[in-house]
Number of protein chains: 2
Amino acid sequence: MSADRLSWKDVRDRIRDQILQRAYAPGDKLPRDADIAQEFGCARSTVQRAMQDLSDSGLIERKRKGGTHVRADPVTRATLDIPITRLEVEETGSVYGYQLIDRQVLPVPREIAAKLEQVEAKSMLRVQALHLADHKPHILEDRWVSIETAPEILDVDLSRESANEWLVRNKPYTRFDLRIYAIAADAQTARMLAAEPGDALLVIDRTTWVGADPITTVRSITIPGYQLLTKS
Amino acid sequence: MSADRLSWKDVRDRIRDQILQRAYAPGDKLPRDADIAQEFGCARSTVQRAMQDLSDSGLIERKRKGGTHVRADPVTRATLDIPITRLEVEETGSVYGYQLIDRQVLPVPREIAAKLEQVEAKSMLRVQALHLADHKPHILEDRWVSIETAPEILDVDLSRESANEWLVRNKPYTRFDLRIYAIAADAQTARMLAAEPGDALLVIDRTTWVGADPITTVRSITIPGYQLLTKS
DNA sequence: CAGTGGTCTAGACCACGCA
DNA sequence: GCGTGGTCTAGACCACTGT
């Protein structure tokens with residue numbers, strides 16, 4: 001009934017338990033991988049795999065020559081999945097809808113250029129759109145798309161397909177930046193989202209690059225009551 | 001000048017580039033690991049390591065027998081690190097401060113019990129406290145701590161050490177839940193945070209368990225303008 | 001049943017970083 | 001320098017799951 005071989009998850013769980021039970025306190029040094037492997041009777045690479053997982057989850061810190069230590073300053077490390085808005089809506093069983101509000105090629109304001117880490121401010125495509133769930137407002141997005149990096153966006157019929165979806169499917173990025181904050185709805189935003197002026201709204205700013213080239217920066221304003229949940 | 005051996009990161013980058021350049025489109029099937037290994041002239045486990053990374057970052061999906069596919073519904077997957085509040089403040093170069101507002105053993109409201117996934121509502125320790133940065137309000141926390149799971153909390157001098165810090169250092173969890181949303185400041189909250197009533201505030205709810213036993217649930221209300229940033 | 005990813009092993013060498 | 005984690009290899013077997 002008992003496994004005669006240890007999997008890396010078994011090793012991980014045993015080490016984690018030892019840490020939770022204070023056999024090793026925060027800041028303490030753990031034995032070398034090789035010693036742990038010998039103690040557990042498994043290969044060193046199995047211990048290595050377990051340690052990698054514990055390190056990823058923020059429980060321990062590993063350094064060459066320095067060894068493995070229990071983190072002295074524990075962090076809560078969470079994973080946030082931000083799907084395409086359409087899928088997010090459909091996953092709750094709601095009907096997804098989409099409205100293009102505005103689409104213009106405009107000179108880029110200074111603060112948008114800064115977000116994209118661009119020195120010279122050229123013209124970009126600005127797209128404002130509303131995502132609907134069950135025919136009611138869900139997320140209002142205000143987006144700038146680089147025409148240099150993604151010229152094809154000019155040929156996309158953005159009244160049919162959201163820039164969100166087109167970009168995610170057609171312009172993969174290599175790097176991105178997310179920031180999350182709260183704003184109070186102004187009169188115009190409130191009208192668009194069918195909210196009251198002054199309502200507190202969660203906002204998600206996302207900027208993406210491919211290499212050093214900026215693709216897009218978007219400010220997604222959610223309806224009152226919207227919550228972000230972590231996966232694990 | 002050139003590495004004669006491929007590292008798993010090299011393999012990952014080459015595969016990622018092929019995906020970015022549409023050699024494989026969303027939904028497409030990639031070759032078997034063994035074939036890729038042969039093509040690249042490396043061991044299969046090296047390809048496996050690369051694939052694991054791409055899978056973790058949400059670019060591909062892998063199934064036994066099913067093979068490896070480029071994700072048809074790309075997600076933005078971010079990592080969120082939430083440190084101890086004191087360290088978060090000190091990292092910005094500010095002076096950290098802390099004030100205990102209230103500490104009482106109270107019967108648990110129904111909605112708090114629900115958050116903790118508890119059926120019977122027993123008494124818990126409720127702690128309200130304010131974290132300061134440079135002597136100004138920073139985060140207001142409203143916390144419930146399970147006396148059954150963490151009885152030692154009753155002996156901690158919470159006017160000196162924050163429950164946040166004590167718990168993180170002394171009650172490691174095995175599971176947690178995070179939710180992030182926005183609220184408008186009510187009169188009392190505004191007063192505590194030196195904000196204006198109606199200000200939009202970012203709120204982080206965190207609940208932790210060890211096994212099936214609840215440890216604590218906390219609602220952290222941040223000052224106006226607070227931003228959450230992702231790590232990568 | 002059979003194909004594919006997941007894991008384990010044993011051994012080797014490398015790279016980083018502290019002394 | 002030298003100790004420790006990081007990685008690579010080659011091969012084997014396992015486990016899941018589609019056909």
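Remember, it's a predicted structure, so these values are computed and weren't measured experimentally.
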Please compare Asp33(B) and Lys65(A) by the position of their nearest nucleotide in DNA chain C and report the one closer to 5'.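 Going by which nucleotide is closer to the 5' end, it is Asp33(B).
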
First encountered from the 5' end of DNA chain C, between Gly41(A) and Arg64(A):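 By nearest-heavy-atom nucleotide position, the 5'-most residue is Gly41(A).
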
Students often get this wrong, so: under 4.0 angstrom with heavy atoms, is Gly67(A) touching a base, only sugar-phosphate, or nothing?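 Touches sugar-phosphate only.
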
Which whole-number value in Å describes the distance from [X] [atom1] to [N] [atom2]?
X        : N       : atom1 : atom2 : result
Asp35(A) : dG3(D)  : CG    : P     : 13 Å
Met51(B) : dT7(C)  : CE    : P     : 15 Å
Lys63(A) : dA15(C) : NZ    : P     : 20 Å
Arg12(A) : dG6(C)  : CZ    : C1'   : 14 Å
Lys29(A) : dG3(D)  : NZ    : P     : 12 Å
Phe40(B) : dT9(D)  : CZ    : P     : 13 Å
Arg62(B) : dG3(C)  : CZ    : P     : 18 Å
Ile60(A) : dG5(D)  : CD1   : C1'   : 11 Å

Close side-chain approach of Ile215(B) and Leu167(B), heavy atoms under 4.5 Å: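 They are in contact (side-chain heavy atoms under 4.5 Å apart), so the answer is yes.
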
Can you tell if the side chain of Asp10(B) reaches within under 4.5 Å of the side chain of Phe40(B), non-hydrogen atoms only?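 No; the side chains remain at least 4.5 Å from each other.
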
I want to check one thing: is the phosphate of [N], taken as OP1 and OP2, less than 4.0 Å away from some side-chain N or O of [X]?
X        : N      : value
Gln48(A) : dG6(D) : yes
Thr68(B) : dG5(C) : yes
Arg44(A) : dT9(C) : no
Thr46(A) : dT9(C) : yes

Which of the following nucleotides, [options], is nearest to the side chain of [X]?
X        : options                  : result
Arg32(B) : dT7(C), dG6(D), dT4(C)   : dT4(C)
Cys42(B) : dT9(D), dT7(C), dG5(D)   : dT9(D)
Ala43(A) : dA12(D), dA10(C), dG5(D) : dA10(C)

Can a donor-acceptor pair under 3.5 Å be found between the side-chain atoms of Arg49(B) and the base atoms of dG6(C)?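 No such pair is found, so the answer is no.
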
His138(B) and Tyr226(B): ring pair (Phe, Tyr, Trp, His ring centres under 6.0 Å), yes or no, with the steps? CA-CA 9 Å; His138(B) 186 63; Tyr226(B) 186 94; 5.8 Å; yes

Under 3.5 Å side-chain donor-acceptor pair for Arg32(B) and Gln38(B):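 Side-chain D/A pair, Arg32(B) to Gln38(B): absent.
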
Indicate whether the side chain of Gln99(B) and that of His131(B) have a donor and an acceptor atom separated by less than 3.5 Å.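 Short answer, no.
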
